[in-house]
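Throughout, numbering of the chain's residues begins at 1 and tracks the sequence. First listed ligand is number 1; within each ligand, the first listed atom is number 1. Quantities reported herein were computed from a predicted structural model and do not represent experimental measurements. Hydrogens, waters and symmetry mates are skipped; everything else that's a heavy atom, side chains included, is used.
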Amino acid sequence: MTLLSSLLFPFPAVHRRSPATSTTTNHFPWNKPRKPDDTVTFSYSTLEQRRVRLDERFVTRSIVPANAQDLIHNVGATVGVLGGAYALVFTFDDLTRRNILDQGLSRKLVHILSGLLFLVSWPIFSTSSEARYFAAFVPLVNFLRLLVNGLSLVSDQGLIKSVTRKGDPKELLRGPLYYVGILMLCAVVFWRESPIGVVSLAMMCGGDGVADIIGRRYGSIKIPYNQKKSWAGSIAMFIFGFLVSIGMLYYYSALGHVEFNWESILPRVAFVSIVATVVESLPTTEVIDDNISVPLVTMAVTFFILNH
Ligand SMILES: Nc1ccn([C@@H]2O[C@H](COP(=O)(O)OP(=O)(O)OP(=O)(O)O)[C@@H](O)[C@H]2O)c(=O)n1
Ligand SMILES: C/C(=C\CO)CCC[C@H](C)CCC[C@H](C)CCCC(C)C
């Protein structure tokens, strides 16, 4: 276990399940199981012997070194997820251009879906420890995309329309840029084995995103210490942040990446959701963007609470 993982995984409530040791049974091309000692004696006709020799040469040539297979696997996953990211932005740009969605709602849905779909995509990558860097390449590309558009070095109107409130490219340099930075951080530092990244992204994407949508529509009763936020928005943040966190943790548990003592993890995630909701409700957006404060506080609290 590396130093980093030993720091991150002393959790009493979380037991890392060793990667599923798939008992690969070597099969001949015709799917006849080999003898356990892996030596086989042929008693076939000349034609059969020629076919077996051809098959063996084929099998030998087609054996790709494991690290090359891993590279091909992760490059393919990266291209797929990157394509998904571009398709997501393109879709919401199209919906906004056709006035099916207003720009504000489009932005929030991109905020909610980007991070959550990114989380859902992590198991597509290989089981190697380097896979996280391939996954992190996707938010890195989008970070650079947001940067060059935010600085008006290029002008991707589709991106600007679907990701900004008012169509000002400079908006890309704040919330959206911090957002993809947090996605990179969670992928590289926490990845699939730790609930910290999963819960942090669930709160930033699922919780904060829904708080905005509900709060703008039903947030007539404001929070006493912050007249820009409402009880409806904050309650929505808590509920959806908690539900999305548990849903994602179950998803990763069902895929065997982590194992949880659910009786222990549920109250802990509920507490983290309350803390994240309080942080999001504070009048601190002018000082520190929610896309930084909410995930960073969630990381700290999740790390602390899962270790005690
Ligand atoms: N707890 C909350 C959160 C949001 N809102 C509503 O949603 C709007 C936007 O919320 P905010 O979190 O400030 O979103 P932004 O930071 O502006 O957008 P983004 O996070 O995408 O940068 C607020 O003005 C408010 O009307 C609310 O009522 N209650
Ligand atoms: C509007 C946003 C934040 C402001 O609060 C979100 C900006 C999102 C980026 C433009 C696109 C990010 C894409 C993800 C890195 C990867 C998504 C992959 C998935 C398969 C769609």
Verify the distance criterion only: is there a donor paired with an acceptor across the side chains of Y218 and S230 at less than 3.5 Å? no

Please work out which of [options] has its closest non-hydrogen atom nearest to [atom].
atom                    : options                : value
atom 5 (N) of ligand 1  : G219, S220, A211       : A211
atom 1 (C) of ligand 2  : D289, D212, V163       : V163
atom 14 (O) of ligand 1 : D212, I223, I221, V163 : D212

Minimum-distance protein heavy atom relative to [atom]:
atom                    : answer
atom 9 (C) of ligand 2  : V180 CG1, 4.0 Å
atom 5 (O) of ligand 2  : H111 ND1, 2.6 Å
atom 13 (O) of ligand 1 : K229 CE, 3.6 Å
atom 11 (C) of ligand 2 : N142 OD1, 3.6 Å
atom 14 (C) of ligand 2 : L183 CD1, 4.0 Å
atom 19 (C) of ligand 2 : L117 CB, 3.7 Å

Which is it for [X] and ligand 1 at heavy atoms under 4.0 Å: side chain, backbone, both or neither?
X    : result
I214 : neither
R216 : both
D290 : side chain

Residue-ligand contact [X]/ligand 1, heavy atom below 4.0 Å:
X    : value
S234 : yes
R174 : no
S230 : yes
K108 : yes
M237 : no

Show the atom names and distances, to 0.1 Å, of all donor-acceptor pairs under 3.5 Å that link a side chain in residues 150-160 to residues at least two apart or in another chain.
unit_1, atom_1, unit_2, atom_2, d
S155, OG, Q157, NE2, 2.7
D156, OD1, G158, N, 3.0
D156, OD1, L159, N, 3.0
D156, OD2, R145, NH2, 3.2

I'd like to know if D212 and R165 make a salt bridge, using a cut-off of under 4.0 Å between side-chain N and carboxylate O. no

Using the six-membered ring wherever Trp is involved, compare the ring planes of W262 and F260 and label them parallel, tilted or perpendicular (cut-offs 30° and 60°). perpendicular

In terms of relative ring orientation, are H111 and Y179 parallel, tilted or perpendicular, with 30° and 60° separating the classes? tilted

Is any side-chain heavy atom of [Y] closer than 4.5 Å to one of [X]?
X    : Y    : answer
M203 : E280 : no
S106 : K161 : no
L306 : P195 : yes

Just heavy atoms, cut-off under 4.0 Å: does [X] contact ligand 2 by side chain, backbone, both, or neither?
X    : value
S114 : both
L113 : neither
N291 : side chain

With heavy atoms of E280 as the reference, note each atom of ligand 1 found under 4.0 Å away. 1 (N), 2 (C), 3 (C), 12 (O)

With heavy atoms of D208 as the reference, note each atom of ligand 1 found under 4.0 Å away. 12 (O), 20 (O)

N/O of D289 under 3.5 Å from N/O of ligand 1, yes or no? no

If we only count N/O pairs under 3.5 Å, is R165 in contact with ligand 1? yes

Scanning both residues in full, the closest heavy-atom pair of M204 with N291 reads SD-O, 3.6 Å

Does atom [atom1] of [X] have more than 12 heavy-atom neighbours from other groups under 6.0 Å away?
X    : atom1 : result
Y225 : OH    : yes
Q227 : CD    : yes
F137 : CZ    : no

Tell me whether ligand 2 is touched by P176 - counting only heavy atoms on the residue side and a distance under 4.0 Å. yes

Listing, residues 84-91 side-chain donor-acceptor contacts under 3.5 Å, not counting sequence neighbours, or none:
unit_1, atom_1, unit_2, atom_2, d
T91, OG1, A87, O, 2.7

OG1-CD1 distance between T78 and I124, expressed to the nearest 0.5 angstrom: 10.0 Å

Hey, could you give me the CD/CH2 distance between E193 and W122, rounded to the nearest 0.5 Å? 9.5 Å

Taking 4.0 angstrom as the limit and counting only heavy atoms of P139, give me the atoms of ligand 2 inside it, by number and element. 15 (C)

